A.B. asks: 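Here it is, the structure in full.
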2 protein chains.
Amino acid sequence: MTDTPIQKPHHHGDLRAALIQAGIALLTEGGKDSLTLRKCAARAGVSHAAPAHHFDGLAGLRGAIAQEGFRLFRLSMLEARATAGDNDLNRLKGICSGYLNFAIQNPALFDLIFSAAPMSTFEEGLKQGTSFAYEVLREACAPFVPVGQDPIVIETQVWSLIHGYSHLYMAGRFGPIDPSMQARGPIDAVMSLLDGLATPPKA
Amino acid sequence: MTDTPIQKPHHHGDLRAALIQAGIALLTEGGKDSLTLRKCAARAGVSHAAPAHHFDGLAGLRGAIAQEGFRLFRLSMLEARATAGDNDLNRLKGICSGYLNFAIQNPALFDLIFSAAPMSTFEEGLKQGTSFAYEVLREACAPFVPVGQDPIVIETQVWSLIHGYSHLYMAGRFGPIDPSMQARGPIDAVMSLLDGLATPPKA
DNA sequence: AACTCAAACTTGACACTGTAAAGATCAGAT
DNA sequence: ATCTGATCTTTACAGTGTCAAGTTTGAGTT
């Protein structure tokens with residue numbers, strides 16, 4: 001085999017990263033129940049007990065996957081913002097579009113990052129990743145904060161709205177209520193919701 | 001043993017109901033990972049393979065628990081509405097309060113009923129239970145539908161808002177962002193959000 | 001250059017899980 | 001009284017997480 005420029009610490013190369021990638025692939029392919037320590041190990045070409053040396057059990061692996069998931073989640077929002085218009089409302093819509101897109105395209109991963117243990121039990125890296133992702137949404141909300149009001153009000157409104165819509169849409173809960181909601185397209189639907197919510201700043 | 005007025009079909013009495021209750025108890029006590037076919041069977045005092053005659057595997061039990069969960073969910077909303085004021089806005093607030101209360105008091109069950117397979121794969125009973133619960137929220141939204149507008153718009157706004165808030169709050173995601181959000185009390189916080197959302201009917 | 005030794009990984013085992021097959025039990029109908 | 005089918009048990013098997021040992025590897029030390 002030709003030498004690889006990347007250093008290979010000991011045996012595998014970078015087993016920790018490989019296991020995280022294997023886990024995300026398993027989630028994408030087979031849903032949340034397909035995420036298994038032994039299957040991740042098999043994909044990475046190591047024995048079933050190898051992951052124990054890199055993560056604190058299955059919960060630890062899920063935490064590490066959640067951290068990477070938040071990174072991808074943030075990227076999804078940033079990408080959508082980049083292709084949106086250059087005014088404040090379009091930027092906010094872009095962020096929310098990226099939020100929803102991520103949920104639709106990665107349902108199991110979306111479920112994982114928002115169903116992990118309460119933040120209080122998170123390790124520091126995961127806490128940072130979460131706040132880092134939320135910061136993107138936070139920024140986009142800033143122009144719509146009425147003067148003298150705590151930004152947390154609008155932020156919580158928008159976050160709850162787009163999160164609830166994404167979660168319910170992902171679970172297919174809007175379908176049986178009103179099939180036309182699905183037909184008209186999820187992006188357009190949530191955008192019309194934002195139109196009513198994100199009113200101009202000066203009251 | 002003294003005879004019980006309730007008829008006991010064959011051996012157990014009503015194993016199906018007992019297994020569902022055992023499952024809900026397990027969820028409440030130990031979280032989602034504690035829900036196990038074998039543990040449910042043990043609680044009901046039957047062998048580990050007995051549940052297979054009443055549910056289609058673990059997925060079937062989860063579906064049945066979800067159906068019962070939606071019934072309790074609906075009751076939570078109705079109870080909260082009953083103790084609310086008698087005007088339209090207070091009724092809507094009451095419903096949402098019941099929504100959030102249920103999520104806070106039964107996090108694992110809340111997670112289950114909204115994370116089950118997409119509705120399209122639900123059995124008919126579960127579909128009905130879901131729509132039946134949503135109908136409560138739907139009714140409370142009716143007074144706030146602007147004339148000439150499709151009710152689905154307001155319904156989706158309110159549903160997404162209260163669901164997203166409940167889901168994020170339940171997962172403890174508001175804590176690290178702004179601890180004061182927790183301190184001031186979740187009910188008050190979500191109510192102030194509704195004040196801004198539920199504007200009077202006639203535009 | 002040989003040694004040391006700790007990290008990375010493997011092997012084997014155990015308890016627990018879901019699921020299937022086959023047998024036992026029992027209530028009610030014939 | 002017997003039959004029948006639903007209910008439940010027993011047994012077995014593959015897959016899972018986790019622990020306790022042993023083995024390999026490679027980097028640093030002397």
Side-chain angles (χ1 to χ4, degrees), chain A residues 1 3-27 29-66 108 112 115-117 121, chain B residues 1 3-27 29-66 108 112 115-117 121:
Chain A
M1 52 185 123
D3 61 338
T4 55
I6 304 169
Q7 62 171 347
K8 299 200 164 192
H10 288 95
H11 298 92
H12 176 276
D14 192 354
L15 182 54
R16 187 188 149 91
L19 289 170
I20 292 173
Q21 290 308 313
I24 291 178
L26 284 170
L27 281 177
E29 295 168 14
K32 77 176 89 171
D33 291 336
S34 290
L35 177 58
T36 282
L37 274 177
R38 290 172 109 106
K39 279 195 275 201
C40 287
R43 288 223 173 189
V46 295
S47 76
H48 67 266
H53 297 269
H54 295 273
F55 306 102
D56 184 14
L58 180 59
L61 174 60
R62 287 170 53 90
I65 289 177
L112 176 61
S115 78
T121 69
Chain B
M1 50 186 120
D3 60 339
T4 55
I6 304 169
Q7 60 170 349
K8 299 200 166 191
H10 289 95
H11 298 93
H12 176 276
D14 192 354
L15 182 55
R16 187 187 150 90
L19 290 170
I20 292 173
Q21 290 308 313
I24 292 179
L26 284 170
L27 281 177
E29 295 168 14
K32 76 177 91 171
D33 291 337
S34 291
L35 177 58
T36 282
L37 273 177
R38 291 171 108 105
K39 279 194 273 199
C40 286
R43 288 221 173 189
V46 294
S47 77
H48 68 265
H53 297 271
H54 295 272
F55 307 102
D56 185 14
L58 179 59
L61 174 61
R62 287 171 53 90
I65 290 177
L112 175 62
S115 77
T121 69

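Given the structure is predicted, the values throughout are model-derived calculations rather than measurements. Every chain is numbered from 1 and lettered A, B, ... according to where its sequence line falls, protein lines coming before strand lines.
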A.B. asks: Figure out the CG/P separation between A:Asp33 and D:dG17, and round it to whole Å.
C.D. replies: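 Those two atoms, CG and P, are 11 Å apart.
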A.B. asks: With DNA chain D as reference, determine whether A:Ala52 or B:Ala50 sits nearer its 5' end, using the nearest nucleotide of each.
C.D. replies: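 Looking at the nearest nucleotide for each, B:Ala50 comes out on the 5' side.
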A.B. asks: Can a donor-acceptor pair under 3.5 Å be found between the side-chain atoms of A:His48 and the base atoms of D:dG15?
C.D. replies: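 No, the side chain and the base share no sub-3.5 Å donor-acceptor pair.
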A.B. asks: Without decimals, in angstroms, what is the distance between B:Asp56 CG and C:dA20 P?
C.D. replies: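 To the nearest whole Å, that distance equals 8 Å.
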A.B. asks: First locate atom CG of B:Asp56, then atom CZ of B:Arg62, and finally report the distance between them rounded to the nearest 0.5 Å.
C.D. replies: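 Going from CG on B:Asp56 over to CZ on B:Arg62, the span is 13.5 Å.
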A.B. asks: Could you tell me the separation between the CG atom of B:Leu35 and the P atom of C:dT17, rounded to a whole number of Å?
C.D. replies: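 Taking CG of B:Leu35 and P of C:dT17, I get 11 Å after rounding.
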A.B. asks: Of A:Val46 and A:Arg38, whose closest DNA chain C nucleotide lies nearer the 5' terminus?
C.D. replies: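 Checking each residue's closest nucleotide, the 5'-ward one belongs to A:Val46.
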A.B. asks: What distance do B:His54 atom NE2 and B:Asp14 atom CG have between them, rounded to the nearest 0.5 Å?
C.D. replies: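 Spacing of NE2 (B:His54) from CG (B:Asp14) equals 8.0 Å.
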A.B. asks: How long is the line joining CG of B:Leu26 and P of C:dT17, in whole Å?
C.D. replies: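 Whole-Å distance recorded here is 10 Å.
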A.B. asks: Considering every strand and a 4.0 Å limit on heavy-atom distances, what is the contact class for B:Thr36: base, sugar-phosphate, or nothing?
C.D. replies: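 The answer is sugar-phosphate, as B:Thr36 gets under 4.0 Å only of primed atoms, P, OP1 or OP2.
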A.B. asks: Would you mind reporting whether B:Leu37 and B:Phe55 have side-chain heavy atoms less than 4.5 Å apart?
C.D. replies: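 They are not in contact (no side-chain heavy atoms under 4.5 Å apart), so the answer is no.
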A.B. asks: Let me spell it out: for each of A:His54 and B:Gly57, pick the nucleotide of DNA chain C with the closest heavy atom. Which residue's pick is nearer the 5' end?
C.D. replies: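 With A:His54 and B:Gly57 compared, the 5'-side residue is A:His54.
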A.B. asks: To the nearest 0.5 Å, how far apart are CD in B:Gln21 and CD1 in B:Ile65?
C.D. replies: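 It comes to 9.0 Å.
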